A.B. asks: 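I have a structure I would like to understand better, so I am pasting it below and will then ask my questions one at a time.
For this chain, numbers begin at 1 and follow the sequence in order. The shown structure was predicted, so the numbers you read here are calculated from the model rather than taken from an experiment.
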Amino acid sequence: MAAANKYPPADRISFKCDLMGFREAHSLAKTLVKKIKDSGYLPDIIIAIGRGGYVPARFVCDFLLFDDLTTIKIEHYKRAADIQETAKLKFPLSVDIHGKKILVVDDVTDTGKTLSLAVEYLKCLEPAEIKTAVLQHKICSDFVPDYYAKKIIKWRWIVYPWAAYEDLVGFTEKIIGDRTLTPMQICDEFDASYSITIKQSDLMEILEDLNKRGGIECIDDKENTLWRKANVSK
C-alpha cells in the first residue's frame, strides 16, 4: 500500500480527485486551530507558503485572532498535479524572524518536499522555534507536520477552492493532449479520468480562455464543435 501511495501522480494516466468547497476548508481550518490551541503553542509570526497556504493561513489567523501574517513562495506542484523535480524557493522571507516562534501554514502535505524546504530555509534565519500546520496530511508524505486537521490515507489529488479553476484548466489540457475532441467527450473524460463532474457551460469558459491564450483552437465541422491543441494538423 505504501508503494502505491508514493507513485508519482504525474506518471499516471488518470487518478481520483476530490473537489473541496470553501465551507469544508473553513471547517478544517477550525479543527486545525483547535489542535494548535490545545497544544499551547503561541507563535510570534505565522508564515503562509504561497500559493496554496495563503487562504488556510488567513483562516488560521482569523481563528487565533492573530495579526502578524507574512509569506514565502515555494514552487513544487504546478497546476493539475504536474510536479516539478525539486521544490524551489522563489520568494524568500522579507521580515526578521530571529529568536521568534514561527508557525508555517500550507494547505496539504503531498510529497512533503515543500514543507521540508521551508523548514530548512527558515532554520537558517535562526528563529526560536518552528512548527508546521496543514489542513490535510497525506500519509505518503515524507514530512509529517506538527499539526493537521485531517489525515489522508489513500492518495488522491485534492482540488482546493482557491485553485479549482487553475486545476480544471490543467486537466482540460491533459485530456485534449494531441487529440481533437468535442466538449461532451471532454466532460466524459473528466469523469472517467479524474472522477470530476463538470458542466458543459463551465467547460466552455475554460475552452474559451485556453483559446484566447493560444493553447487550443476550435474547429467547426458543421456537425460538432471540436477542440484541439493549437497548430496541430488533423
Side-chain angles (χ1 to χ4, degrees), residues 18-77 79 87-153 156-167:
D18 283 351
L19 274 67
M20 182 182 294
F22 273 105
R23 181 174 295 181
E24 182 180 356
H26 191 262
S27 177
L28 286 171
K30 195 169 186 178
T31 299
L32 177 62
V33 169
K34 185 179 187 305
K35 291 185 177 183
I36 296 169
K37 287 180 177 179
D38 288 348
S39 75
Y41 188 65
L42 297 174
D44 298 308
I45 296 177
I46 292 177
I47 299 174
I49 296 183
R51 296 176 295 160
Y54 291 157
V55 177
R58 185 61 185 89
F59 281 154
V60 169
C61 286
D62 188 37
F63 287 125
L64 286 177
L65 298 176
F66 193 86
D67 292 332
D68 290 338
L69 171 64
T70 188
T71 182
I72 58 176
K73 185 179 182 186
I74 294 176
E75 293 184 339
H76 188 209
Y77 271 106
R79 67 189 183 199
K88 297 178 181 179
L89 177 69
K90 185 170 183 179
F91 299 142
L93 198 64
S94 60
V95 298
D96 181 14
I97 60 170
H98 183 273
K100 297 184 182 296
K101 296 171 67 176
I102 307 302
L103 179 65
V104 183
V105 179
D106 204 358
D107 49 7
V108 64
T109 47
D110 194 298
T111 65
K113 290 182 179 180
T114 297
L115 275 177
S116 292
L117 176 58
V119 170
E120 179 184 354
Y121 162 67
L122 293 170
K123 280 182 177 179
C124 295
L125 303 180
E126 300 182 342
E129 191 173 3
I130 301 173
K131 296 285 189 181
T132 55
V134 297
L135 298 182
Q136 295 175 298
H137 168 58
K138 298 180 184 180
I139 64 169
C140 60
S141 170
D142 292 327
F143 184 98
V144 180
D146 296 288
Y147 309 103
Y148 53 87
K150 185 177 181 179
K151 183 185 291 184
I152 304 297
I153 305 298
R156 63 262 200 191
W157 183 253
I158 302 167
V159 181
Y160 293 100
W162 43 87
Y165 191 73
E166 181 178 284
D167 274 351

A.B. asks: Is there side-chain contact between K151 and I139, with heavy atoms separated by less than 4.5 Å?
C.D. replies: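 Contact flag for K151/I139 side chains = yes.
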A.B. asks: If you define the side chain from C-beta out and look only at heavy atoms, does anything of V105 sit under 4.5 Å from R58?
C.D. replies: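 V105 does not reach R58 side chain to side chain.
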A.B. asks: Does the plane of the ring in F59 sit parallel, tilted or perpendicular to the ring in H26? Use 30° and 60° as the thresholds.
C.D. replies: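 Perpendicular.
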A.B. asks: Within the supplied structure, the quantity of interest is the number of heavy atoms (other residues, nucleotides, ligands) at a distance under 6.0 Å from E120 CD; does it exceed 12?
C.D. replies: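 It does not: E120 CD has 12 such atoms or fewer within range.
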A.B. asks: Is the shortest side-chain heavy-atom distance between K131 and I36 below 4.5 Å?
C.D. replies: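 Of all side-chain heavy-atom pairs linking I36 with K131, none is under 4.5 Å.
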A.B. asks: For T114 and I74, work out which heavy atoms get closest and say how close.
C.D. replies: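 Looking at all heavy atoms of both residues, the closest pair is O-CD1, 3.6 Å.
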A.B. asks: Taking all non-hydrogen atoms of both residues into account, name the closest pair between I102 and Y41 and its distance.
C.D. replies: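 Closest approach of I102 to Y41, heavy atoms only: O-OH, 2.8 Å.
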A.B. asks: Kindly indicate whether the side chain of V108, heavy atoms from C-beta on, has any atom under 4.5 Å from the side chain of V134.
C.D. replies: no
A.B. asks: Minimum heavy-atom separation for K113 and A87, please, with both atom names.
C.D. replies: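 Heavy-atom minimum between the residues: O-CB, 4.0 Å.
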A.B. asks: To the closest 0.5 Å, what do you measure between CD (Q136) and CG (D18)?
C.D. replies: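 Taking CD in Q136 and CG in D18, the distance rounds to 8.0 Å.
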A.B. asks: Roughly how far apart are I97 CD1 and D68 CG, rounded to 0.5 Å?
C.D. replies: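 So the CD1 of I97 and the CG of D68 are separated by 13.0 Å.
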A.B. asks: Once rounded to the nearest 0.5 Å, what's the spacing between atom NZ of K88 and atom CG of L117?
C.D. replies: 11.5 Å
A.B. asks: P56 versus Y160: any side-chain heavy-atom pair under 4.5 Å?
C.D. replies: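 SC-SC contact between P56 and Y160 ruled out.
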A.B. asks: So with a 6.0 Å cut-off around NZ of K123, is the heavy-atom count from everything else above 12?
C.D. replies: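 For K123, atom NZ is not crowded (no more than 12 foreign heavy atoms under 6.0 Å).
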A.B. asks: I'd like to know if the side chain of Y121 and the backbone of L93 have a donor-acceptor N/O pair within less than 3.5 Å.
C.D. replies: yes
A.B. asks: Kindly give the heavy-atom pair with the smallest separation between K138 and W157, and that separation in Å.
C.D. replies: NZ-CA, 4.2 Å
A.B. asks: Which heavy-atom pair separates A57 from A48 by the least distance, and what is that distance?
C.D. replies: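 That closest heavy-atom pairing would be CB-CB, 3.4 Å.
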A.B. asks: What I'd like to find out is whether the side chain of D107 reaches to under 4.5 Å of the side chain of W162, using heavy atoms alone.
C.D. replies: yes
A.B. asks: In this structure, are over 12 heavy atoms from other groups packed under 6.0 Å from K73 atom NZ?
C.D. replies: yes
A.B. asks: To check you understand the geometry: which heavy-atom pair defines the closest contact between I46 and C61, and what is its length?
C.D. replies: CD1-SG, 3.8 Å
A.B. asks: Cut-off 3.5 Å, side chains only: do S39 and Y147 have a donor facing an acceptor?
C.D. replies: yes
A.B. asks: Within the supplied structure, the quantity of interest is the number of heavy atoms (other residues, nucleotides, ligands) at a distance under 6.0 Å from K101 NZ; does it exceed 12?
C.D. replies: yes
A.B. asks: So how far is it from T132 OG1 to Y148 OH, rounded to the nearest 0.5 Å?
C.D. replies: 11.0 Å
A.B. asks: To the nearest 0.5 Å, what is the distance between CZ (R23) and CG (L28)?
C.D. replies: 13.5 Å
A.B. asks: Check whether any side-chain heavy atom of F66 lies under 4.5 Å from a side-chain heavy atom of V60, and answer yes or no.
C.D. replies: no
A.B. asks: Please report the interatomic distance CD1(I49) to CG(L122), rounded to the nearest 0.5 Å.
C.D. replies: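 CG of L122 is found 8.0 Å from CD1 of I49.
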A.B. asks: Between L135 and L32, is any pair of side-chain heavy atoms under 4.5 Å apart?
C.D. replies: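 When only atoms from C-beta onward are counted, L32 and L135 do touch, with a gap below 4.5 Å.
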